[in-house]
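Everything below concerns the one structure shown next.
Residue numbers start at 1 and run along the sequence shown.
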Amino acid sequence: VKAFAAHSAAVNELSFDKEGEYLGSCSDDGSVVINSLFIDEKLKFEYHRPMKAIALDPDYARKSSRRFVAGGLAGHLYFNTKKWLGYKDQVLHSGEGPIHAVKWRTSLVAWANNVGVKVYDAANDQRITFIERPRCSPHPEVLLPHLVWQDDTLLVIGWGTSVKIAAIRTNLNNGANGTYRHVTMSNMNQVDIVASFQTSYFISGIAPFGDALVLLAYIPSEEDGENGFSSTIPSRQGSAQRPEVRVVTWNNDELATDALPVHGFEHYKAKDYSLAHSPFSGSSYAGGQWAAGDEPIYYIVSPKDVVIAKPRDAEDHIAWLLQHGRHEKALAAAEAGQGRSELLDEVGSKYLDHLIVERKYTEAASLCPKLLRGSATAWERWVFHFAHLRQLPALVPYIPTENPRLRDTAYEVALVALATNPAFHTDLLSTVKSWPPVIYSALPVISAIEPQLNTSSMTDALKEALAELYVINGQYEKAFSLYADLMKPDIFDFIERHNLHDSIREKVVQLMMLDCKHAVSLLIQNRDLITPSEVVSQLLSSGNKCDSRYFLHLYLHSLFEVNPHAGKDYHDMQLQTLVVGANNPMEQVVKKLCVLCVPLLCVKFNPNEEKEEERRVELYAEYDPKVLLPFLRSSQHYTLEKAYEICVRRDLLKEQVFILGRMGNSKQALAVIINELGDIEEAVEFVSMQHDDDLWEELIQQCLHKPEMVVA
């Protein structure tokens, strides 16, 4: 963007002002040139001897004095200032050899010659201090000294193998017209060497690095003579080592070391390297962090290479952790770091890939919510990747159903993966119950489960999950059938909610086993849809699955209470005598089935539809004796002889008396009352109702040997 034809010989140093508006340069042609970068302004000063160092006043652009300092082989340090009549040079120092380096910060100017380093305060026009050149250090012509201001009061000096840090102490007091002037103390007390150490290498460059230092290190080789530098012409087979960039503390504790692979390093010497850095005015470094955009950049220059170095940031650290397989630490660093927003996604993806390679599928799945977050695309990619690996069940508990919501295909693939493995049928059931039905289609999942019905892979959990899917798909009849088989307690509410009374026809036994009283009420209410014969048939064919006799009793009793004639064909059902034709094969089949399935029940095979109400007598006698007598009085559809046998077997005396009376066997009935019941009042009442004089004679005869009855 800019080019200046400034010198006729090699340029030795450049210097910018603090604002970056002016550039000063010095050259072996003995001149100093100052160019404006933005306006057409150029100044040239001739000194007639090679000039090696220059420093512009940091406030060059803002002050009319236009000051700079420069020096070279003549050994004079010139202080140039613009006066009323033009520019004037003042020699600040001379007579101690060439000026090798000069640096200006605020009002302080530091320079180095063959003897050491001096500091001058331009505000007071006073030299502050002198720091002697380190002993045994290489001659400046062989290895230049390096000066850098770390801040406004700290001067860092690197010379040979020595590093010194000098703290300049100044005070500011109000001067005339409200300006500030420096009030200096005695020279002996103005400078403190706050740090000093020796290195095992030669210093080719030095720069601040926050609270530490960056050193460009040259490692001496065997060819290097005393002071580490050979005086002979180097051989073609160079033996020099790679230069190194070292970060050290003020106590010379190494924080980092990097060897640089520059071309031709085998043949280079310490003076062939240099180190520059920006921002040149220092960096805003606080609490171990640089301000955004103010991170320093370092330039390591060799004859054939320029290496740019930057402080490692969070992304560099994370990349190193990933490279060395420390994925957990990389993830933690990405979560806590201040890098790019995409960095966490990149680290997360690499971490998941690592866990998949290690076959740690469960751990990878558990991390997906944190790593994939709200990216639907990323979630779908990993869902199908887990499916491809046949490990999708591990991911299902973590798949989001909203924020983000995935395509329905992803959810369907997940459910099918659970359905095809019996080990995950319980997970399938809980997932179907928890996932909103609107996010997927139930039909593909149903199609994957139905072939497993009636196979060894069908479990109760899978059956219930299929029922839930039927409900989602509106197939309530199929869902009811499965719920009935599973004996779900809320099935009666399900029947009422979806009006499934027609569907109960095939599930009488299951409903009775689940809640017999509720089932009986439901069957009685819907006896037009499912007839008593169908109910009785299913209960009798239930085998040992349930107490079918008790269920029959409950159903037939309720049916009798609603309509005494509705179940008249079954009033004789409890007879234990099997009346069948010996030559009828069908009758033999029925007899065998009854004996096998219901040992205590014998069905009266009645091709002519004979009344079978006596079976109810047995049921009442066994399960509800108190109701038996009213039943005997109200029903006309049972066989008296068989009913009497049942009552005798179960010692039901009042019922025996009633049946004997209906049979016309009054004397035997009277004997039961007197001898078994011992109730003379009931005996008198019974005889009075018979209107039979002979029966009175029988009563008197049976009471003669019982004086208490005779009185009555």
Side-chain angles (χ1 to χ4, degrees), residues 11-16 18 20 23 53 55 58 101-105 110 143-152 154-165 195 197 199 201-219 240-250 252-265 268-317 319-320 339:
V11 177
N12 291 320
E13 189 169 19
L14 302 175
S15 175
F16 291 89
K18 184 169 61 176
L23 170 64
V102 59
K103 299 295 178 183
W104 192 336
R105 182 73 174 254
L143 180 59
L144 292 173
H146 301 279
L147 306 178
V148 61
W149 288 99
Q150 180 147 338
D151 58 29
D152 291 348
L154 284 177
L155 177 64
V156 181
I157 305 168
W159 200 326
T161 59
S162 170
V163 174
K164 290 183 180 180
I165 300 176
F197 57 86
T199 65
Y201 47 84
F202 293 109
I203 300 169
S204 295
I206 193 167
F209 184 78
D211 295 331
L213 298 173
V214 174
L215 300 179
L216 180 56
Y218 176 83
I219 313 300
Q241 300 186 42
R242 299 175 186 271
E244 296 180 359
V245 174
R246 301 195 180 194
V247 180
V248 301
T249 66
W250 287 9
N252 199 26
D253 296 326
E254 288 193 4
L255 304 179
T257 301
D258 285 292
L260 305 179
V262 297
H263 292 88
F265 68 89
Y268 298 153
K269 298 299 180 182
K271 66 179 180 180
D272 295 324
Y273 300 103
S274 61
L275 170 66
H277 73 284
S278 68
F280 305 107
S281 59
S283 55
S284 51
Y285 181 85
Q289 295 291 332
W290 278 275
D294 202 20
E295 298 86 352
I297 302 177
Y298 301 86
Y299 303 89
I300 299 96
V301 183
S302 73
K304 292 186 178 181
D305 291 296
V306 176
V307 179
I308 299 178
K310 298 180 181 179
R312 293 189 183 275
D313 57 15
E315 295 190 26
D316 296 319
H317 177 58
W320 184 89

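Atom CZ of R105 sits about 4.5 Å away from atom CG of D152, to the nearest 0.5 Å. Considering CG of L154 and CH2 of W149, their distance stands at 8.5 Å, rounded to 0.5 Å.
Among residues two or more places apart in sequence or in another chain, the side-chain contact (heavy atoms from CB on, under 4.5 Å) test is passed with Q241 by I219. Here A240 pairs with Y218 under the side-chain contact (heavy atoms from CB on, under 4.5 Å) rule; sequence neighbours left out. Scored by the side-chain contact (heavy atoms from CB on, under 4.5 Å) test, V248 finds F197, Y201, L213, L215, R246, N252, E254 as partners (sequence neighbours excluded). When the side-chain contact (heavy atoms from CB on, under 4.5 Å) test is applied to V301, the partners found at least two apart in sequence or on another chain are S274, V306. Partners of Y268 according to the ring-ring contact (aromatic ring centres under 6.0 Å, His included) rule, which considers only residues two or more places apart in sequence or in another chain, are Y273. Judged as a side-chain hydrogen bond (donor to acceptor under 3.5 Å, both in side chains), and not counting sequence neighbours, D258 has no contacts. Applying the salt bridge (charged side-chain N to carboxylate O under 4.0 Å, His left out) rule to D316 yields no partners; only residues at least two apart in sequence or on another chain are considered. Judged as a ring-ring contact (aromatic ring centres under 6.0 Å, His included), and not counting sequence neighbours, W250 has no contacts. Partners of W104 according to the ring-ring contact (aromatic ring centres under 6.0 Å, His included) rule, which considers only residues two or more places apart in sequence or in another chain, are F79. Every side-chain hydrogen bond (donor to acceptor under 3.5 Å, both in side chains) that H263 has, sequence neighbours left out, goes to D305. Under the side-chain hydrogen bond (donor to acceptor under 3.5 Å, both in side chains) criterion, S302 pairs with no residue at all, not counting sequence neighbours. Take K164 and apply the side-chain hydrogen bond (donor to acceptor under 3.5 Å, both in side chains) test, not counting sequence neighbours, and it matches no residue.
The side-chain heavy atoms of P243 and I300, taken from C-beta on, include no pair separated by under 4.5 Å.
Heavy-atom minimum distance, G160 versus L143: CA-CD2, 3.8 Å. Closest approach of E244 and T257 over heavy atoms only: OE1-CG2, 3.5 Å. Considering every non-hydrogen atom in both V102 and E13, the closest pair reads O-OE2, 4.4 Å. Considering all non-hydrogen atoms of both residues, G210 and Q150 come closest at O-NE2, 3.1 Å. Contact detail for A270 and S204: the closest heavy-atom pair is O-OG, 2.9 Å. I203 approaches G158 most closely through the heavy-atom pair CD1-CA, 4.2 Å.
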* Apply side chain to side chain contact (heavy atoms under 4.5 Å, CB included) to the pair V148 and H277, showing each step before the final yes or no. => CA-CA 10 Å; V148 61; H277 73 284; 3.6 Å; yes
* Evaluate side chain to side chain contact (heavy atoms under 4.5 Å, CB included) for L216 paired with I206, printing each intermediate quantity in order. => CA-CA 6 Å; L216 180 56; I206 193 167; over 6 Å; no
